[in-house]
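We count ligands from 1, going down the list as the structure has it; atoms in each ligand are counted the same way.
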Amino acid sequence: MQSYLKISDEVQEAIKQHKPIVALESTIISHGMPYPKNVATALAVEQIVRDNGAIPATIAIINGKCCVGLSKEEIEVFGKEKNVWKVSLRDMPYVISKKIFGATTVAATMRIAAMAGIKVFVTGGIGGVHRGAEKTMDISADLTELSQTNVAVICAGVKSILDIGLTLEYLETLGIPVVTYGQDEFPSFYSRQSGYTSPIRLDEITEIADLIKTKWSLGLNGSVLIANPIEQKDEVPLNTMEQYIVQAIQQADAQGVKGKNVTPFLLQYIAEHTQGESLDANIALIKNNAQVGAKLAKSL
Ligand code: PSU
Ligand code: MN
């Protein structure tokens, strides 16, 4: 499997010297935000990781290789290029064997981070159980990957395009500890609120690091999901988003959007219909997560 890995010089050096490293995904660049803010955000997030004492490793698939640590030029390509494949686990063999550009989701990024020995991964929002999943079975492979792979994931909670309650239930079924940093309520990405109490609350990064180390020392495989609430000044209230989310889901249905296209469609619809308000929140929260992720990687 090492022959499919291409680790940048900087990340290789960091691995050798046991420096803290933070993995970052590329689907958020190619499918999660519009150009050019996606590129600017990806580069700013890398800088925040550095400023907080860790090495960033943005992950994507290029020319048949799982690349760990991208150049600025490569990040620019993923931000600009229209036909980048969204790669979850099931897409990896196809995109790698065909040598096409692949932006990795949370699931694929986690797996590649683990292949490179990276333990901490920062993203915005994870995939989960979609509303109406009792009929569609639309449950993100992010959740099953979280149950298998030993990489801690920092996110801003779960977007309410998903069924947050069912997602928390499924995380429990899969044995994934869910920790909210600094508050009792599990956050819903744009908002600090979700209406659901977090299974665990921890207020210190060192406590989160202890929990992660304990899980893996026990031989319990899989992730620890850390939800870091968006800062108050950046949040969009839950009920402001709800109307757009309902519209987005209706539109997806009406246009027959299915499978892997559902999440990108909903994200784009919401970004377009909230006059950039949701985009600003999205950018703010991922930067906030990068700080916490870098500190956690250092602590670990
Ligand atoms: N949720 C967001 N922003 C994102 C994604 C989800 O708020 O960019 C992306 C992530 O890459 C995530 C993927 O892993 O969508 C999940 O896609 P799906 O629901 O098709 O598994
Ligand atoms: Mn899906």
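- Within a 6.0 Å radius of CG in Asp9, no more than 12 heavy atoms belonging to other residues, nucleotides or ligands are found.
- For the residue pair Glu13 / Gln17, a side-chain donor-acceptor distance below 3.5 Å is found, with atom types taken as modelled.
- Between Gly127 and ligand 1, no pair of N/O atoms sits closer than 3.5 Å.
- At a threshold of 4.5 Å between non-hydrogen side-chain atoms, the residues Thr263 and Lys86 count as touching.
- A single hydrophobic cluster is seen to contain both Val45 and Met33, as judged by linkage of ILVMFWY side chains at heavy-atom distances under 4.5 Å, directly or through other members.
- Contacts between Thr105 and ligand 1 below 4.0 angstrom, taking non-hydrogen atoms only, involve backbone and side chain alike.
- Inspection of the Thr104 and Thr109 side chains reveals an N or O donor paired with an N or O acceptor under 3.5 Å.
- Looking from atom 19 (O) of ligand 1 to the surrounding protein, the closest heavy atom is Thr263 OG1, 2.6 Å.
- Taking 4.5 Å as the limit, some side-chain heavy atom of Asp142 sits within range of a side-chain heavy atom of Thr105.
- Residues Met92 and Ile112 form a side-chain contact, since some pair of their non-hydrogen atoms from C-beta on lies under 4.5 Å apart.
- Going from atom CG of Leu162 over to atom CD1 of Ile245 covers 9.0 Å, rounded to the nearest 0.5 Å.
- Residue contacts with ligand 1: Ser140 is placed with a nitrogen or oxygen under 3.5 Å of a nitrogen or oxygen of the ligand (distance criterion only).
- For the Mn ion (ligand 2), protein N, O or S atoms closer than 2.8 Å were enumerated as Asp138 OD1, with waters left out.
- In this structure the side chain of Thr240 never reaches within 4.5 angstrom of the side chain of Tyr190, judged on heavy atoms.
- Closest protein heavy atom to atom 6 (C) of ligand 1: Gly125 O, 3.5 Å.
- Which parts of ligand 1 touch Thr27 is read off a 4.0 Å heavy-atom cut-off, strictly below it: atoms 11 (O).
- Below 30°, between 30° and 60°, or above 60°: for Trp85 and Tyr94 the angle between ring planes is between 30° and 60°, a tilted geometry.
- Considering only heavy atoms from C-beta on, Gln255 comes within 4.5 Å of Phe265 through its side chain.
- Side-chain contact of Glu242 with Ser160: a donor-acceptor pair under 3.5 Å is absent, judged by distance alone.
- Linking ILVMFWY side-chain heavy atoms closer than 4.5 Å, directly or via other members, places Ile139 and Val87 in two distinct hydrophobic clusters.
- Close to ligand 1: Lys86, with a non-hydrogen atom less than 4.0 angstrom away.
- Here the shortest heavy-atom distance to atom 4 (C) of ligand 1, taken over Ile28, Leu267, Leu285, Val262, belongs to Leu267.
- For atom 11 (O) of ligand 1, the nearest non-hydrogen atom of the protein is Glu25 OE1, 2.6 Å.
- Shown in contact with Lys159 at under 4.0 Å from a heavy atom are these atoms of ligand 1, numbered in order with element: 2 (C), 3 (N), 7 (O).
- Residue His130 has at least one heavy-atom neighbour below 4.0 Å for each of these atoms of ligand 1: 19 (O).
- Ligand 1 lies out of reach of Met33, whose nearest heavy atom is not under 4.0 Å from it.
- For atom 12 (C) of ligand 1, the closest non-hydrogen atom of the protein is Asp142 OD2, 3.3 Å.
- Here is the list of ligand 1 atoms found below 4.0 Å of a heavy atom in Phe189: 7 (O).
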